[in-house]
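Input: a single structure, listed below in structure tokens.
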2 protein chains.
Amino acid sequence: MHRIELKSLLADRAVGTPSGRVVRALSERGALSATQIAHITGLAKSTVSMTLSELRKSGIVVEGPSLERGASVGRPATVLTLNPQAGTCVGVLIGLGQARVIVADVSHAIIADTVTELDPDFSPEQAAEETRRMIKQTYAEHSMPLCGLLGVGVAVAGPVNPIDGRMQRASVVPTWAGIDIRTVFGPVLQRPILVDNESNCAALAEMMWGAAIGYEDFVLFKIDMGVGGAIVSGGRVLTGIAGSAGEFGHMTVDPDGPLCRCGNRGCLELYASFKTPLQHASKRFDRPMTMDDVIVLAKEGDVGCRRLIEDTATAAGRGLGMIGTILNPGLIVIGGRMALAGDLLMTPLAASFEKHTLVKRSDVSGPARTELTIGKFTENDSCMGAVGLVLRHHGRLA
Amino acid sequence: MHRIELKSLLADRAVGTPSGRVVRALSERGALSATQIAHITGLAKSTVSMTLSELRKSGIVVEGPSLERGASVGRPATVLTLNPQAGTCVGVLIGLGQARVIVADVSHAIIADTVTELDPDFSPEQAAEETRRMIKQTYAEHSMPLCGLLGVGVAVAGPVNPIDGRMQRASVVPTWAGIDIRTVFGPVLQRPILVDNESNCAALAEMMWGAAIGYEDFVLFKIDMGVGGAIVSGGRVLTGIAGSAGEFGHMTVDPDGPLCRCGNRGCLELYASFKTPLQHASKRFDRPMTMDDVIVLAKEGDVGCRRLIEDTATAAGRGLGMIGTILNPGLIVIGGRMALAGDLLMTPLAASFEKHTLVKRSDVSGPARTELTIGKFTENDSCMGAVGLVLRHHGRLA
DNA sequence: GCTAATAAGTTCACCCTAGAACAAATAAGG
DNA sequence: CCTTATTTGTTCTAGGGTGAACTTATTAGC
């Protein structure tokens, strides 16, 4: 029997076949037992068994590290993953003046994580070229074959249409507006390119490996130097018709408020991000302060810094309250570096959310309540999510 | 061969079988050709052909009225529907001081539409009893067998959890809070009960028969004496963890604004509903005015009435702008009786939406734009949607 | 009015999936 | 230490869905 190629099993035409479905499930989830695969794919366990024995014979599926004993009776499950040598994926984050590249294999093992500084106003072509360089170097350093690279996921700051890869206005670098990421990166990287918004990628990371595992419906709310987020419905990250779904930072809070970089007035981002508080802190301490500085000082008991965090939380909670009213999600994950403040942020945030949202905690019983939790990822969420784009959406790969 | 029962094909256990999938598709869509069924169910057309010939033999599926010639080449499709005599469904709207009952058969033909006034503060038990009476009477008048009734869909004003049927606070009649609709109506009607919010039902109606046919993702925004709405994502009406998703009327517009009946301050409903304008109009004309009166006068050129509509539209547009920013839907359907104002409403509404939303029309090309349109249903939308609940969700029927 | 093009619907043999029965591997309990 | 309960994973056959080829029904064009 001639060798089965992983790529062909990830192609669109194999969507319906058992092999395709099993491989897809493993690619999306990482490590699974045969029973779990049967449950997820909806195939009978007999079919899964036969399919797996073939996939194991051809080396596409391997036995993974046996999971910690789950304290349950019955025969322990053998954990399976895709063969790490069968393929690799790259996640790229194109952010404010920096590019980040994470390399992982199809068994969900992270192989490398690199960050490079870029010119403040770099062009898309520069970004693509730099990405190519970083990928090439990383693969060389780990003596991995570049031909194993299945696809590249790109997370960009600002709205982007994942279908056509086109950037919207209001992106990090205004000159990127209208640029088609796929057209720019595709020819340079010579691989299928999957693009999505930074926050949407972060949500994907939380869903695949973070605080939202097992949730089909949740909201990610990101508080950092800006405010953003993502909406996950039915296990699907909502992109919106133009790719701008989840842009919580640009909800109008005060139509007569100050101008925002997006062109509207009084956006939530102007009140609930940590940009303005940082300016106040820098003035007060007479030196440039970072978000981490303020959080550390607040945890040490500095009342001024505590108040800055509280005020931000209160403003964010108002926006979050509206999101709760509109979407009534089962889970809200707080992301962004602001989440590092922990309870200092979450306590006033939860209070403000409760005040402004429609259904109060006391109105409903436990399972119908909206949970608020801190995300697992705060720093590399978007880039991990970009990896997830490839692992989840390779159906769209050529 | 013994007769196949429609009910058993609609049961959960038949979800996977071809017969079940074909019947389900027909029940959801009404009339379809064999090719369309194959496309929707994902089955091979050969399978559909064989399944249909069996279903036709057993009388569950019948040839429907041949659709108007579609001006396309090729053999014309034979249109199929479920046998109207195989089953009927009832949609009930429990609204402000009135109950409405619509009876339809499984071929999507409407058989009857009845409205009854109720006491302003009727109890759930009264509503259930009245519903039973109306259903019984209607079936008698049309000499239809009550045993053919497959299920009853109930649309209620105010948040309700469709899973457990429990009403939330902030419902029409405050005393209904915490009531389990399914438990109250179930024993009285002796049929499977499906419950959802009024607005969610309206969205279902627009999706199945109205302005949102073919859309998997859209938003319904309802402007009437209150403001409400629904979010449809991936063909699924979002209910939220507690059933309050889509409650656009209670987004906080001004945290220091007047108290709302929901207990919060400055809700959108206080500015964007037609309740306050109606009070102004009544004072101005010194007689009780209805929404229709104001719309008629506005269309005749009365500048005061025009302004009332414009101001409402402007306020609504601000809320809608936020919805556009957060969800970036491909389509927004404007429902509620306010939509009867037509362009008098839509022009300022679209302008206000455009002003407050993130992605402007000029930012993106046609297919990525958010369309704004008036709903097909304005009056009986919710009750029709309640019928749709039964036609779509009978998988959940016992 | 004939042919070509297009699309809908049907037939049938073959492969493949599902279900049941069985085998294997562990925890709990006396 | 053996039995029971529980869960995982494999084997095998029957039945059923699929795809290819074919038939039927219509429009468009010459």
Side-chain angles (χ1 to χ4, degrees), chain A residues 1 4 8-9 11-26 29 31-58 60-81, chain B residues 1 4 9 12-26 29 31-58 60-81:
Chain A
M1 193 218 296
I4 303 167
S8 72
L9 285 174
D12 269 329
R13 59 171 185 72
V15 169
T17 71
S19 311
R21 284 160 80 178
V22 168
V23 167
R24 180 142 318 185
L26 282 169
R29 309 284 189 118
L32 291 169
S33 72
T35 308
Q36 285 177 304
I37 294 173
H39 198 254
I40 292 166
T41 58
L43 296 165
K45 58 178 184 171
S46 54
T47 310
V48 172
S49 178
M50 281 171 59
T51 309
L52 280 175
S53 70
E54 267 192 38
L55 288 172
R56 274 203 268 200
K57 214 184 299 172
S58 45
I60 288 179
V61 168
V62 295
E63 218 160 292
S66 63
L67 228 55
E68 79 289 345
R69 180 84 44 247
S72 70
V73 301
R75 173 173 168 175
T78 50
V79 177
L80 302 161
T81 67
Chain B
M1 191 217 298
I4 304 167
L9 285 173
D12 269 329
R13 59 172 184 70
V15 169
T17 71
S19 312
R21 284 160 81 177
V22 169
V23 168
R24 179 141 318 183
L26 282 169
R29 309 284 189 116
L32 291 170
S33 71
T35 307
Q36 286 176 304
I37 293 173
H39 199 252
I40 291 167
T41 59
L43 296 165
K45 57 178 183 173
S46 55
T47 311
V48 173
S49 177
M50 283 170 56
T51 309
L52 279 176
S53 69
E54 268 192 37
L55 288 171
R56 274 203 268 201
K57 215 183 299 170
S58 46
I60 288 179
V61 168
V62 294
E63 218 160 292
S66 62
L67 230 55
E68 78 290 345
R69 180 84 44 247
S72 68
V73 300
R75 174 174 169 176
T78 49
V79 177
L80 303 161
T81 67

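Owing to the predicted nature of the structure, the values given are computational and were not obtained by experimental measurement. First the proteins, then the strands, lettered A, B, ... as listed; each starts at 1.
- The phosphate of D:dT10 has neither OP1 nor OP2 within less than 4.0 Å of any side-chain N or O from A:Ser46.
- In this structure, CG of B:Leu43 is placed 17 Å from C1' of C:dA8, rounded to the nearest angstrom.
- Note that CG of B:Leu55 and NZ of B:Lys57 are 10.5 Å apart. Values are rounded to the nearest 0.5 Å.
- Here D:dG17 presents its P atom at 13 Å from CG of B:Leu52, a figure rounded to the nearest Å.
- Atom pair B:Met50:CE and D:dG15:P shows a separation of 14 Å (rounding to whole Å applied).
- A distance of 11.0 Å separates OG of B:Ser33 from NZ of B:Lys45, quoted to the nearest 0.5 Å.
- Residue A:Ile37 contributes atom CD1, which lies 13 Å from atom P of D:dT8 at whole-angstrom precision.
- The distance from the CG atom of B:Leu80 to the CZ atom of B:Arg56 is 5.0 Å, given to the nearest 0.5 Å.
- The phosphate of D:dG9 has OP1 or OP2 within less than 4.0 Å of a side-chain N or O from A:Thr35.
- For the pair A:Glu63 CD and D:dG9 C1', the computed distance is 12 Å after rounding to whole Å.
- Distances shown here put every side-chain N or O of B:Arg75 at or beyond 4.0 Å from the OP1 or OP2 atom of C:dT10.
- Rounded to a whole Å, the CG atom of A:Leu80 is 14 Å from the C1' atom of D:dT10.
- Contact between the side-chain N/O atoms of A:Ser49 and the OP1/OP2 oxygens of D:dT11 is not found at any separation under 4.0 Å.
- Dashed line: the shortest gap from a side-chain N or O of A:Thr47 to OP1 or OP2 of C:dA18 is under 4.0 Å.
- Between A:Arg56 and the phosphate of D:dT10, there is a side-chain N or O to OP1/OP2 separation shorter than 4.0 Å.
- Taking atom CG on A:Leu55 and atom P on D:dG9, their separation rounds to 15 Å, with Å as the unit.
- Rounded to a whole Å, the NZ atom of A:Lys45 is 12 Å from the C1' atom of C:dA24.
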